[in-house]
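These notes concern the structure reproduced below.
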Amino acid sequence: FILAKTFREHVDPSYLRYYLAARLSGSQDDFDFVLDDFVSRVNADLVNKAANLASRAIKFLNGKLGGKLGEVTDEAGILLLDQARSLLHDAPGFYREFDSARVTRATIELAEAGNLYLSDREPWKLIGSEPERARSILTVGVHLSQAIAALLAPVLPDWAAKVERMLKLEHPLAFANAGNWLPAGQQLAEYETLAERLDPKRIAAMVEASKEDTAADRALGQPSAEPPSAEPPSAEPPAEQGYEVEPLAAEVAIDALKQVDLRVGKVLACERVAKADKLLRLTVDLGPLGQRNIFSGISKSYAPEALVGKHVVVFANLAARKMKFGLSEGMILAAGASDDAVVVLELDPSSRPGDKIS
């Protein structure tokens with residue numbers, strides 16, 4: 001494992017935020033954190049594309065053209081800026097849907113298009129002969145960098161702050177104002193480094209430090225060499241709770257738990273059982289394990305419709321029990337001391353039917 005503290009000592013945490021945002025799509029799917037992919041994505045997206053666009057445009061304007069913006073007259077440049085405005089309009093909705101991957105992907109594509117635009121028009125070759133045309137082309141890169149900073153601001157706030165300083169903006173960047181391009185003649189500040197290439201050696205050093213963390217963690221978990229005391233340490237008596245519960249059962253080894261197979265179940269249907277005051281009949285989905293018919297004596301605590309759709313804990317390998325009302329193929333776990341005060345154990349709706357509970 002890698003501790004957050006160890007990560008921060010070796011790598012800028014903003015890179016981790018970007019990587020997570022670039023992988024999260026609003027679905028419930030897991031993904032692997034692969035260090036090689038992390039390094040390549042940061043270097044390719046942030047360094048080679050987004051930061052490179054801002055660096056090329058701002059440095060050339062400052063170094064060769066007095067650091068002042070121009071008018072955008074090129075049709076291809078205007079189309080790129082329209083594309084940026086459209087993305088600024090759509091991005092808040094994607095973030096609200098937790099689809100940050102969609103925003104980052106479109107943002108990096110915009111940066112890639114901006115770099116290609118500069119490379120195709122080669123403004124550095126026009127500075128001597130057509131300086132205002134060169135200024136106009138480079139201004140497109142600056143405007144795009146402004147939009148990119150706003151699009152990434154929820155993930156990379158420091159990046160946005162640097163762009164605000166470089167462009168001498170009077171107000172913080174936001175989705176609503178980032179498409180208001182700065183006027184011709186606007187004076188730029190000096191370029192600030194937005195991202196630095198991740199060196200695999202830094203990652204290797206972090207992994208080595210994490211091995212030391214793991215060893216220390218294991219050492220903390222080792223039993224003490226001191227013999228146990230004849231008497232347990234004194235403890236404060238439990239506070240008065242105002243109610244009683246059943247005493248604990250006899251102590252067992254952890255292997256006893258291996259015999260009980262608990263699974264996530266989703267209640268598809270539930271109905272009362274005629275001539276049985278306490279029973280409800282539940283149809284429970286266990287995903288790839290199929291559906292189960294389960295009788296549960298909880299009707300005094302739950303109306304049938306209140307359970308439909310809930311994710312519950314199912315004792316799935318309990319031997320089926322034949323009852324006069326039908327076959328019960330498992331047990332729903334619940335807590336409570338009386339029939340009219342039972343609480344069914346509920347799981348998060350994101351849990352998957354059939355998944356093992358351990």
Quick check: does any side chain N or O of [X] sit under 3.5 Å from a backbone N or O of [Y], one acting as donor and the other as acceptor?
X: Arg292; Y: Ala316; result: yes
X: Asp261; Y: Asn317; result: no
X: Gln146; Y: Ala178; result: yes
X: Ser25; Y: Ala101; result: no
X: Thr6; Y: Ile2; result: no
X: Ser210; Y: Met206; result: yes
X: Glu305; Y: Cys270; result: no
X: Asp37; Y: Phe33; result: no
X: Glu329; Y: Asn293; result: yes
X: Ser328; Y: Phe295; result: yes

Can a side-chain donor-acceptor contact be found between Arg197 and Asn48 if the only test is distance below 3.5 angstrom? yes
Answer yes if the side chains of Arg17 and Ser100 hold a donor-acceptor pair under 3.5 Å, and no otherwise. no
For [X] versus [Y], what's the shortest heavy-atom pair and its separation?
X: Pro353; Y: Pro288; answer: O-CD, 3.8 Å
X: Trp181; Y: His143; answer: CZ3-O, 3.2 Å
X: Ala209; Y: His10; answer: CB-CE1, 3.8 Å
X: Val103; Y: Leu151; answer: CG1-O, 3.9 Å
X: Leu279; Y: Ser299; answer: N-OG, 3.7 Å
X: Ala54; Y: Tyr191; answer: C-CE1, 3.9 Å

Assigning hydrophobic clusters by single linkage (Ile, Leu, Val, Met, Phe, Trp, Tyr; side-chain heavy-atom cutoff under 4.5 Å), is [X] placed with [Y]?
X: Leu345; Y: Leu307; value: no
X: Leu282; Y: Leu347; value: no
X: Leu327; Y: Val273; value: no
X: Leu182; Y: Leu138; value: yes
X: Met331; Y: Leu289; value: no

Within this structure, what is the [atom1]-[atom2] distance for the pair [X] and [Y], rounded to the nearest 0.5 Å?
X: Leu286; Y: Ile294; atom1: CG; atom2: CD1; result: 6.5 Å
X: Glu109; Y: Lys49; atom1: CD; atom2: NZ; result: 8.5 Å
X: Asp12; Y: Asp158; atom1: CG; atom2: CG; result: 7.5 Å
X: Leu69; Y: Ile58; atom1: CG; atom2: CD1; result: 9.0 Å
X: Leu81; Y: Gln83; atom1: CG; atom2: CD; result: 9.5 Å
X: His171; Y: Asn177; atom1: NE2; atom2: CG; result: 8.0 Å

Between Phe38 and Tyr19, how do the two ring planes meet: parallel, tilted or perpendicular, split at 30° and 60°? perpendicular
Across all chains, not counting sequence neighbours, the side chain to side chain donor-acceptor pair (under 3.5 Å) partners of Asp45 are Tyr18
Counting C-beta onward and ignoring hydrogens, is there a side-chain heavy-atom pair between [X] and [Y] closer than 4.5 Å?
X: Lys356; Y: Arg263; value: yes
X: Leu167; Y: Gln186; value: no
X: Arg121; Y: Val140; value: no
X: Leu333; Y: Leu262; value: yes
X: Tyr15; Y: Arg41; value: no
X: Ile357; Y: Val314; value: no
X: Val163; Y: Leu194; value: yes
X: Leu144; Y: Leu110; value: yes

Give a yes or no on whether [X] atom [atom1] has more than 12 heavy-atom contacts from other residues, nucleotides or ligands under 6.0 Å away.
X: Arg272; atom1: CZ; answer: yes
X: Lys266; atom1: NZ; answer: no
X: Arg202; atom1: CZ; answer: yes
X: Arg56; atom1: CZ; answer: yes
X: Arg321; atom1: CZ; answer: no
X: Asp277; atom1: CG; answer: no

Distance-only check: which donor-acceptor pairs under 3.5 Å involve side-chain atoms of residues 123-137, not counting sequence neighbours?
from   : atom 1 : to     : atom 2 : distance (Å)
Lys125 : NZ     : Glu122 : OE1    : 3.4
Lys125 : NZ     : Glu122 : OE2    : 3.3
Glu132 : OE1    : Arg135 : NE     : 3.1
Glu132 : OE2    : Arg135 : NE     : 3.4
Glu132 : OE2    : Arg135 : NH2    : 3.3
Arg135 : NH1    : Leu65  : O      : 2.8
Arg135 : NH1    : Lys68  : O      : 2.9
Ser136 : OG     : Glu71  : O      : 2.6
Ser136 : OG     : Thr73  : N      : 3.3

side-chain contact (heavy atoms from CB on, under 4.5 Å), that's the test. Do Ile332 and Val344 meet it? Break it down for me. CA-CA 7 Å; Ile332 305 295; Val344 170; 3.9 Å; yes
Might you work through the side-chain contact (heavy atoms from CB on, under 4.5 Å) test for Phe60 and Leu118, ending with a clear yes or no? CA-CA 11 Å; Phe60 267 107; Leu118 295 186; over 6 Å; no
Not counting sequence neighbours, which residues clear ring-ring contact (aromatic ring centres under 6.0 Å, His included) with Phe31? List them please. none
